[in-house]
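For reference, positions follow the sequence shown, starting with 1. Counting convention: from 1, in listed order, for ligands and their atoms alike. Keep in mind that what you see is a predicted model, and the values were worked out from it rather than measured.
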Amino acid sequence: MTPEVADALASSDPVVALESTIISHGLPRPDNLRIAREIEATVRDAGAVPATIAVLHGAVQIGLDDEAIAEIAGNPEVAKVSVRDLAIALARHLPGATTVASTAYLAGLAGIRVFATGGLGGVHRDAAESYDESADLFTLAETPVTVVCAGVKSILDVPATLERLETLSVGLVGYRTDRFPGFYRTDSGQPVPWRANSPEEVAEIMEMRNQLAQRQALVVANPLAEHEQLDPRLHDRVLADGLAELTAAGVRGKDVTPFLLGYFHEHTGGASLAANVRLVRGNAALAARIAVAYAALPR
Ligand code: PSU
Ligand code: MN
């Protein structure tokens with residue numbers, strides 16, 4: 001853990017956990033390094049300490065220095081490390097970037113209560129045959145962190161993912177919206193059961209969850225503004241082409257999500273990348289404001 005993060009946690013100052021798979025596998029090199037630093041700066045500007053999480057040199061890193069963030073962004077050998085991969089990457093001293101699942105898990109261990117990402121993993125569109133459901137869902141069912149995201153990635157089966165979140169008792173509120181966001185798109189076409197209108201309201205909900213000893217995550221779904229989203233027609237066309245390519249190329253397992261995100265970034269002339277950066281930065285800023293409001297609650 002960096003001294004800055006350790007100090008902030010020791011004094012109950014606001015800290016926001018950030019994942020590293022989005023840097024290594026979700027965003028194209030070389031822009032990813034600059035974007036990773038911008039996301040951290042966004043958290044700082046909103047009054048919290050960023051703690052980007054990864055595994056390097058046989059240790060869990062909570063907070064990355066310049067060298068560590070450059071390694072995650074630039075080294076193609078960095079593995080995508082979910083919860084089940086953590087111990088293996090650590091034991092072998094392999095560099096690894098943590099997913100939503102493993103970042104949430106490690107943030108929980110470190111005592112960090114708020115986490116920002118782009119979009120959650122979930123149930124894939126062909127799941128009835130492939131059984132492909134992200135480990136993010138299972139981990140969020142037993143990890144009491146608040147995750148700020150732009151819904152789940154639009155490459156997924158969104159209604160099925162919402163059903164799974166309900167079954168797993170993962171808390172879900174829309175941030176200033178009654179619609180579940182669609183990652184690159186403002187609206188996934190699905191409603192959210194509850195809405196929260198301020199960081200203070202989210203902090204109150206977090207506090208009530210503590211009092212109920214709830215061990216599931218709270219998902220705060222924060223949409224892109226409509227004028228910031230990826231053009232829905234371009235989105236739907238590129239997604240259809242990407243899914244066809246995925247099948248033709250026989251991509252499976254943990255390569256599916258990076259493949260589809262990469263397909264978007266290559267086939268939208270930079271528009272999906274711009275939307276992705278905007279939504280992650282929006283989530284980082286909101287997460288910091290929630291962490292600030294939570295730290296300010298009377299205890
Ligand atoms: N959100 C983004 N980009 C990403 C991811 C999320 O904007 O690359 C990553 C997260 O690390 C998430 C992972 O946990 O994609 C999901 O992968 P899978 O579907 O294999 O579980
Ligand atoms: Mn999967």
For this session: Evaluate side-chain hydrogen bond (donor to acceptor under 3.5 Å, both in side chains) for Thr52 paired with Glu40, printing each intermediate quantity in order.
Result: CA-CA 8 Å; Thr52 306; Glu40 291 203 337; 2.6 Å; yes

Problem set entry | Between Thr42 and Arg281: side-chain donor-acceptor atoms closer than 3.5 Å | yes

Problem set entry | Contact atoms of ligand 1, heavy-atom distance to Gly26 under 4.0 Å | 8 (O)

For this session: Check Leu172, Val152, Val145, Thr146 against Val219 for a side chain to side chain contact (heavy atoms under 4.5 Å, CB included) and give me the one that passes.
Result: Leu172

Exercise. Is Lys80 salt-bridged to Asp255, cutoff N-O under 4.0 Å?
Worked result: no

For this session: Indicate yes or no: does an N/O atom of Gly121 lie under 3.5 Å from an N/O atom of ligand 1?
Result: no

For this session: Report yes or no: does Arg176 contribute a side-chain atom to a donor-acceptor pair with the main-chain N or O of Ala196 at less than 3.5 Å?
Result: no

Exercise. Which protein N, O or S atoms does the Mn ion (ligand 2) have within a distance shorter than 2.8 Å?
Worked result: Asp132 OD1

Seminar exercise, completed: In this structure, atom 11 (O) of ligand 1 is nearest to the protein heavy atom Glu19 OE1, 2.6 Å

Exercise. Counting from 1, what ligand 1 atoms have a heavy atom of His124 closer than 4.0 Å?
Worked result: 19 (O)

Seminar exercise, completed: Near Val100 (heavy-atom distance under 4.0 Å), the atoms of ligand 1 are 10 (C), 11 (O), 12 (C), 14 (O)

Exercise. Is the cationic atom of Arg299 (NZ for Lys, CZ for Arg) positioned less than 6.0 Å from the six-membered ring centroid of Tyr294 and within 45 degrees of its normal?
Worked result: yes

Problem set entry | Heavy-atom check, side chain of Ile22 versus side chain of Val280, under 4.5 Å | yes

Exercise. So which heavy atom in the protein is nearest atom 21 (O) of ligand 1, and how far is it from that ligand atom?
Worked result: Ser134 OG, 2.6 Å

Seminar exercise, completed: When distances are taken from atom 4 (C) of ligand 1, the protein heavy atom at minimum range is Leu261 CD1, 3.7 Å

For this session: Heavy-atom contacts with Asn276 under 4.0 Å: which atoms of ligand 1 show up? List them by number with element.
Result: 7 (O)

For this session: Run the numbers on Ser130 and His124 for side-chain hydrogen bond (donor to acceptor under 3.5 Å, both in side chains), then give the verdict.
Result: CA-CA 8 Å; Ser130 69; His124 283 262; over 6 Å; no

For this session: Find all atoms of ligand 1 within a distance of less than 4.0 Å from any non-hydrogen atom belonging to Thr99, and give their numbers and elements.
Result: 11 (O), 14 (O)

For this session: Report yes if the side chains of Arg185 and Asp236 come closer than 4.5 Å at any heavy-atom pair, otherwise no.
Result: yes

Exercise. Are Arg195 and Asp178 within salt-bridge range, i.e. N to O under 4.0 Å?
Worked result: yes

Exercise. When you measure from the side chain of Asn283 to the backbone N and O of Thr117, does any donor-acceptor pair fall under 3.5 Å?
Worked result: yes

For this session: Find all atoms of ligand 1 within a distance of less than 4.0 Å from any non-hydrogen atom belonging to Thr21, and give their numbers and elements.
Result: 11 (O)

Exercise. Hey, looking at atom 12 (C) of ligand 1, which of Ile23, Asp136, Val280, Ile155 has the closest heavy atom?
Worked result: Asp136

Exercise. Looking only at protein heavy atoms, which one is nearest to atom 15 (O) of ligand 1, and how far off is it?
Worked result: Lys153 NZ, 3.1 Å

Pairs under 3.5 angstrom only: tabulate donor-acceptor contacts from the side chains of residues 27-35 to other protein residues two or more places apart or in another chain.
| unit_1 | atom_1 | unit_2 | atom_2 | d |
| --- | --- | --- | --- | --- |
| Asn32 | ND2 | Ile23 | O | 2.9 |
| Asn32 | ND2 | Ala73 | O | 2.9 |
| Arg34 | NH1 | Glu38 | OE2 | 3.0 |

Exercise. Considering only the protein, which heavy-atom contact is closest to atom 19 (O) of ligand 1, and what is its distance?
Worked result: Thr257 OG1, 2.7 Å

Exercise. In Å and rounded to the nearest 0.5 Å, what is the CG to OG distance from Asp231 to Ser272?
Worked result: 12.0 Å

Exercise. Which residue owns the protein heavy atom closest to atom 17 (O) of ligand 1, what's the atom, and how far is it?
Worked result: Lys80 NZ, 3.1 Å

For this session: Measure the distance from atom 2 (C) of ligand 1 to every protein heavy atom, then report the residue, atom name and distance (to 0.1 Å) of the closest one.
Result: Ile22 CD1, 3.6 Å

